[in-house]
Amino acid sequence: MIKASLSVAFALGMAGSASAQTLNMMKGIDAPHYDAQRTSWGPTSDIVNMIQDTLVALDWDGRTPIPYLAKSWTVSPDGKLYTFKLRDDVTFCSGKKMTAEDVIFTFKRLKSPEIKGPFAWRAGNIKDLRAPDPYTVEYELAEPFSELLLQLTMFTNAILNKDNVEALGKDYGVKGADGTGPWCLDSWQPRTSITLKRHDAYRWGPSMYKNKGPVKFEKMVIRIVPEDSSRVAAMMAGQFDTTHQFPSQFIAQAKVSPMLTVTEAKPNFQLLYFGFKTTRPMVADKRVREAMSIAIDRAAIAKGILLGNADPAFTIVDPAALDHDPKTAGIVKQDVERAKKLLDEAGWKPGADGIREKDGVKLAPKVYYTANANSARVAEAIQGYLRKVGVHWNLQPWDSTIASVKMAEQDYEIWSVTVPYLSAGDLMNIYFDSANIPTPNRMNWKDAETDDWLKHGRAALTPEERAKFYAMVQQKVMNEHLWMPVLNINMHEVTNRKLKGMRPHMIYQNTFYKGLDASF
Amino acid sequence: MSVEAIGSAAVEAPAAGRSHVLRRLMRDKVAATATVVLSLIVLAAVFAPLISPYDPYYTDLTKVMQPPSAEHWFGTDNTGRDILSRVFYGTRNTLMLGLVGVLIGGLLGGLLGILAAFYPRLDGWIMRLVDVMLAFPAILIGLAVAAIFGAGLTAVVIALVVATVPDVARVARGAAVGVMSQEFMEAGRAVGVSDRTLIWRYLTLNCISTIFVFLTLRFGQIILIGSALGFLGMGAQPPTAELGMMAAQGRDFLFMAPHIATIPSLAIFVIVLAANLLGDALRDVLDPRLQQ
């Protein structure tokens, strides 16, 4: 069967053989549009990172912002004024020169109410934007934002061509999207393929790449292949050169394939967690939440369910991430007997069928997650563990088109998503600030101390001060067991062996990032 | 001859032929084999808790995706559960889904068809409703229900009922229209027999064998639709075992552990084949035109 599949895929590959100057990429899901400011959607972000650039780039270590479209910057002592010096040799794919006017337009648009940018907060609380000259931007904040530079590396802050956005109006991101990136958007057939062509004028690659530009391919064709098994067969048959969405359960086979190279993104912060809605009676008691969290064997789940393509996560912030608090390391430890004791103490006693009950109610929380994702398989494994301590997880998967809407509702106890993040502050400001209730703060966690510490962390003027406040938040939310961290999911770039120079990046699941060093 | 006597004769006919039907079924080798296989499947489903070697919900992540062995005859799935035990329980759920779909759908469809035939003024309305229902594929209905209310057995049952009702209604109406033209129906009306009695004792009981045969033929298709919805993730949710869902869970591991998807798929194949063969044989036995 495997041989037959490979033969078919190989035949398809031969039939569609492209020129050596074309890079063939494959991904599993398309985006509704390519306007980075109007979405938090990962499938938009990877393409945007190819066709557009940010003021600063994120170095391979996942924590250091380095010059990109801004060749240098200064920060005022009060942390409110950032002065960016822009490169003067940058042009958009359309040929227009990039100037401070485009930068100011970009951030004004991002903050405008019409855009409703879900990630607009990543640009800080902007008070004013000024351009003293065409290549200088004064970026003034109403209050300090200690992670501004880190956040400016995100796709949602990519610099737009003012003329292009104004000309396309509501069709921007659908009928076109100009950018200064190493690749130019050539054509897009929704749910089928995206074609990018080389940006010939590109010479401003960030220092993390050996090649500063242009890219070594005339064009790149990115095909959408939703079915996991088809992507595996197509890669193994040599039909495609690279993919960053190779199913994790097949990584082991890809590693031994003579045709493929598997490279893992390091570091990589991508947490699969289960969150507890604290306002629901069934999980309102901290002891119940802790019991569920310590009754599972994370290492066995990583090995058995993700086949070793994940690491067990015992803290919400990965130990390698910026501002991780080492003191949180011992809070979650597998202890089945303690889990049972905690449930007993909380008043949940085993019923006739082994499932615990209290006041006639079974301990069977509803668990929401997106179908066909790692969460589905992991939830099933956890369900097996929890049955052994008398908890029945009532699993409710939702199609990806409706999952986010259902998770914004209030009639369930637990949910799961996999979240890529940059730092402790990045992760916690999104999820634990009470201003973000009901979503993404789906726990309905409303705590004045947490809000205050997050605010102080955001406004900190030194890294030490920021780390101190974010450590306090980590300890609080971990001790409250608001989340059940389970796995840090590995990210891979799987490439054909003939493709050289690929190093996967960790930013927002965009392992390809700019792809400047890639060549045959 | 009294009207009651006419009615009795009309409804007695199928009962009188029951032993004849069974004899004819058993004489047909294919039908006999299908009956035996289906009986064994039903027995395995009914007695699943007694004959399953393991707890079908017990996970063991140290034994994931093990191939068939003496310890686990059908191997283990991706969470280390015993596939044989899950096939027994899965068959139970799959058969129950088919049965519920066929029974509720048959009941509603039969009622609609008979009412359409008995009350000509309702005929147009009911048949247009049936046309509308026929316009929606069952899979689409299941997906829509699951998207709105969440995946689960309720979504599957609704889809299966919607898939069954229009076809049964058409068949029931066809059979009932034939019975309506019989003299005993006219005689019943003439002597003032109530509509309820006419519909139940004279019309329904004379159409029931036709509806029954259709439903036995339909049973296999309903199992397939139910399994397809389970495969698409719209049906039973873990840890409940259901054959379609079990096949879907194995799909991701086809290259490394093909038994996870293959075994429940084969179980679906055997159930549907047996049900269809039995349905065909029943039709042959009960259809007087074929007997001639």
Side-chain angles (χ1 to χ4, degrees), chain A residues 1-3 5-6 227-229 232-233 236 247-250 252-254 296-307 353-354 366-372 374 376-388 392-403 405-406 409 411-412, chain B residues 49 54-66 76-82 86 140 142-155 229-242 245-262 265:
Chain A
M1 182 174 61
I2 295 172
K3 273 186 181 172
S5 302
L6 293 181
E227 181 63 33
D228 277 4
S229 303
V232 173
M236 289 197 168
S248 57
Q249 63 268 30
F250 294 105
Q253 284 165 291
I296 64 170
D297 185 343
R298 289 165 170 80
I301 294 172
K303 191 179 170 195
I305 302 298
L306 271 291
L307 306 181
D353 58 356
K366 264 199 273 187
V367 183
Y368 280 12
Y369 53 88
T370 306
N372 304 323
N374 285 328
R377 286 198 286 271
V378 172
E380 210 176 326
I382 293 176
Q383 185 187 52
Y385 279 112
L386 294 184
R387 284 181 70 86
K388 293 167 191 169
H392 174 66
W393 266 18
N394 192 359
L395 303 185
Q396 181 62 71
W398 294 100
D399 185 75
S400 60
T401 53
I402 200 172
V405 176
K406 298 307 291 186
E409 294 173 355
D411 59 347
Y412 62 96
Chain B
Y54 296 94
D55 177 349
Y57 307 127
Y58 186 83
T59 56
D60 184 349
L61 295 189
T62 62
K63 291 183 177 173
V64 298
M65 292 190 274
Q66 289 192 348
T76 61
D77 69 7
N78 62 313
T79 55
R81 292 175 297 210
D82 180 59
R86 288 183 67 74
L140 198 63
L143 290 173
V145 173
I148 297 165
F149 300 108
L153 293 176
T154 312
L229 287 167
F231 187 86
L232 292 172
M234 302 300 132
Q237 296 304 316
T240 307
E242 190 275 320
M245 183 194 70
M246 289 167 66
Q249 283 179 327
R251 182 183 47 175
D252 289 344
F253 307 102
L254 264 182
F255 287 143
M256 61 189 87
H259 67 279
I260 301 178
T262 310
S265 304

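Each chain gets a letter, A, B and so on, in the order its sequence line appears, and its residues count up from 1. Fair warning: this is a prediction, and the values are worked out from it, not measured in the lab.
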Okay, side chain of A/Lys388, backbone of B/Thr59: is any donor-acceptor separation there less than 3.5 Å?
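Between the backbone of B/Thr59 and the side chain of A/Lys388 there is a qualifying donor-acceptor contact (under 3.5 Å).
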Has B/Gln237 got a side-chain atom pairing as donor or acceptor with A/Asn394's backbone, closer than 3.5 angstrom?
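Flag not set: sc B/Gln237 to bb A/Asn394 has no pair under 3.5 Å.
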Counting heavy-atom pairs under 4.5 Å with chain B, which one of A/Gln249, A/Glu227, A/Lys303 comes out on top?
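Top count of heavy-atom pairs under 4.5 Å with chain B: A/Gln249.
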May I ask you to name which of A/Lys406, A/Gln396, A/His392 has the most heavy-atom pairs under 4.5 Å with chain B?
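Of the options given, most contacts go to A/Gln396.
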Taking all heavy atoms of B/Val64 and all of A/Gly304, pick out the closest pair and write down the distance.
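Between these two residues, the closest heavy atoms are CG2-O, 3.9 Å.
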Contacting moiety of B/Met234, where chain A heavy atoms sit under 4.5 Å
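For B/Met234, no heavy atom lies under 4.5 Å from chain A.
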Any non-hydrogen side-chain atom of B/Tyr57 less than 4.5 Å from a side-chain atom of A/Gln383?
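No - every pair of side-chain heavy atoms lies 4.5 Å or more apart.
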Can you find a heavy atom in the side chain of B/Leu61 that is under 4.5 Å from one in the side chain of A/Asp297?
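They are not in side-chain contact.
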Side chain, backbone, both or neither: which part of A/Ile301 has an atom under 4.5 Å from a heavy atom of chain B?
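Contact with chain B: backbone and side chain both.
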Checking heavy atoms, do the side chain of A/Tyr385, its backbone, both or neither come under 4.5 Å from chain B?
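Looking at A/Tyr385, backbone and side chain both touch chain B.
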Say you draw a straight line from CG of B/Asn78 to CG of A/Leu307; how long is it, rounded to the nearest 0.5 Å?
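If we round to the nearest 0.5 Å, B/Asn78:CG and A/Leu307:CG are 9.0 Å apart.
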Begin from the C-alpha positions of A/Glu380 and B/Gln249 and carry the test side-chain contact (heavy atoms from CB on, under 4.5 Å) through to its verdict.
CA-CA 11 Å; A/Glu380 210 176 326; B/Gln249 283 179 327; 2.7 Å; yes
